Number of protein chains: 2
Amino acid sequence: MPVLADPSIDQHGVRRRILDSTAELIIEHGVAGVAQRQIAERVGIRAASLYHHFASQNEIVEAVFRRGIDVMEHAWDEAAERTRGASPRTRLAAHIRAHLSALFDHGPYTAAHVTAFRTAPATVREAVVPMRDAYEARWAAFLGELAADGELADGTPVGLSRLALFGAMNTTVEWFDADRGNLDELADTITHQFWNGVAA
Amino acid sequence: MPVLADPSIDQHGVRRRILDSTAELIIEHGVAGVAQRQIAERVGIRAASLYHHFASQNEIVEAVFRRGIDVMEHAWDEAAERTRGASPRTRLAAHIRAHLSALFDHGPYTAAHVTAFRTAPATVREAVVPMRDAYEARWAAFLGELAADGELADGTPVGLSRLALFGAMNTTVEWFDADRGNLDELADTITHQFWNGVAA
DNA sequence: TGGCGCCCCTAACGAACGTTCGGTAGGGTC
DNA sequence: GACCCTACCGAACGTTCGTTAGGGGCGCCA
């Protein structure tokens, strides 16, 4: 098994560049549309050489998803720590901004995950789903806490509301251009819309 | 070119069943994950026979997307007619319900379109994009009209709000189970959240 | 009854796929 | 100088891909 035991041993950054290229290709063409020879070409090696770093193509895809979730969780933690003790609305805004940061500021991994996870092979999905659930559980706990504290309107279906918010945030990758748009503004808009709605 | 000149000439429904199966497979595996032999197997014919009904695989995919957009537009028209003269909030609710109806009540076409369009081959995307834009323009005009009438809060970024609403609606296909959940409730929740927000 | 068009078939094509294999250049260790 | 390990290579494997060529059965109309 020619897999590196410790991922940190990657002196030339090839393993990392394989993951980068794969994540970009997943965003463009979906999981099934990614070919090893394409990945290898972007990295500057041959397809056979991928097997020095990973045991199979599915393992590369799985590593991309794992990293994508990892990025989201780190962004969550950083936002939670930064806004500890702040108002509910401030904390919510920070977590929305953090999620968008994961999508646009920290590489293509999170975007690859949220856009392509659903169509990935079953084996890959099953291996990743516990990590996914853990991240969603943080959101569920946070919003549940807000509801318990009376910060949400009576009768708000917290589960559905959370999924609608996820939908609004995750589909930004389909149209938002991080190079031209303002990510702070985007986060503020989504936060305000989720919190107050659009009605006059 | 063994393509039927008139799509309505499809007495045995094979053409329609090809589109059905393709749309389902697109939802499951993405555009690049669909193989002609899988489509044919679901229909009960051989892969080569697909070429009696379509000139190429891309043409099948394009037809699926076109039908998906067609379904959305018909749902829009029906909702518009039914709520002509009603209150803004009632009309909005009807259009949201209609969009969800297109996603869940009228075959897999719209769901296939909204989940897979982005990763389709460029030639397919370019052929379909005018239809897409026309549908989005209806929403943009409707929401712009609401803003002009003072129904939306001052400073509401109509374009961004529309895209966030699209995201919330379209990602329901990833988690909502039409057989178990209540589509009316879902539509009400999304409408209320878009209009009023979740805050107490 | 003969022919014709619709609908589907079998067979096969070249290309691309993921993967495996044996090998080698270069650097570090004893 | 012998040995090993890392990182990569070219070549090839068997399979699956989209697509094409050619043919046959069946219903309809002359």
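Residue numbers start from 1 in every chain, and the chains themselves are labelled A, B, ... in the order their sequence lines are given, proteins ahead of strands. Treat the numbers as computed from the prediction; the structure is a model and nothing was measured.
To the nearest angstrom, C1' of C:dC8 lies 17 Å from CZ of B:Arg15. Whole-Å rounding puts the A:Leu25 CG to C:dG18 C1' distance at 16 Å. In this entry the distance linking CD of A:Gln38 with P of C:dC17 reads 7 Å, nearest Å. When rounded to the nearest whole Å, the span between OH of B:Tyr51 and P of C:dA12 equals 19 Å. Atom pair A:Arg46:CZ and C:dG18:P shows a separation of 16 Å (rounding to whole Å applied). Put simply, CD1 on A:Ile45 is 6 Å from P on D:dC8, counting in whole angstrom units. In this structure, CD of A:Gln36 is placed 19 Å from P of D:dA12, rounded to the nearest angstrom. Between the P atom of D:dC8 and the CD atom of A:Glu41 lies a distance of 16 Å, rounded to the nearest Å.
Closest to the side chain of A:Gln57, out of D:dT19, C:dT19, D:dC8, is C:dT19.
At the heavy-atom level, B:Val43 lies nowhere under 4.0 Å from the strands shown. At the heavy-atom level, A:Ala48 lies under 4.0 Å from base atoms of the strands shown.
Each of A:Arg66, A:Arg138, A:Arg132 was checked for a salt bridge (charged side-chain N to carboxylate O under 4.0 Å, His left out) with A:Glu73, and the lone residue meeting it is A:Arg138. Only one option out of B:Phe166, B:Phe194, B:Trp76, B:Tyr135 pairs with B:His95 in a ring-ring contact (aromatic ring centres under 6.0 Å, His included); it is B:Trp76.
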For this session: Show your reasoning for whether side chain to side chain contact (heavy atoms under 4.5 Å, CB included) applies to B:Val114 and A:Glu174.
Result: CA-CA 11 Å; B:Val114 303; A:Glu174 303 206 357; over 6 Å; no
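Comparing A:Arg37 and B:Val34 against DNA chain D, the residue whose closest nucleotide sits nearer the 5' end is A:Arg37.
Note that CZ of B:Arg97 is 10.5 Å distant from OG1 of B:Thr191, once rounded to the nearest 0.5 Å. Expressed to the nearest 0.5 Å, how far CG of A:Leu25 lies from CD of A:Glu41 amounts to 10.0 Å.
The phosphate of D:dA7 (OP1 or OP2) has no side-chain N or O of A:Ser49 nearer than 4.0 angstrom. The phosphate of C:dC8 has neither OP1 nor OP2 within less than 4.0 Å of any side-chain N or O from B:His52.
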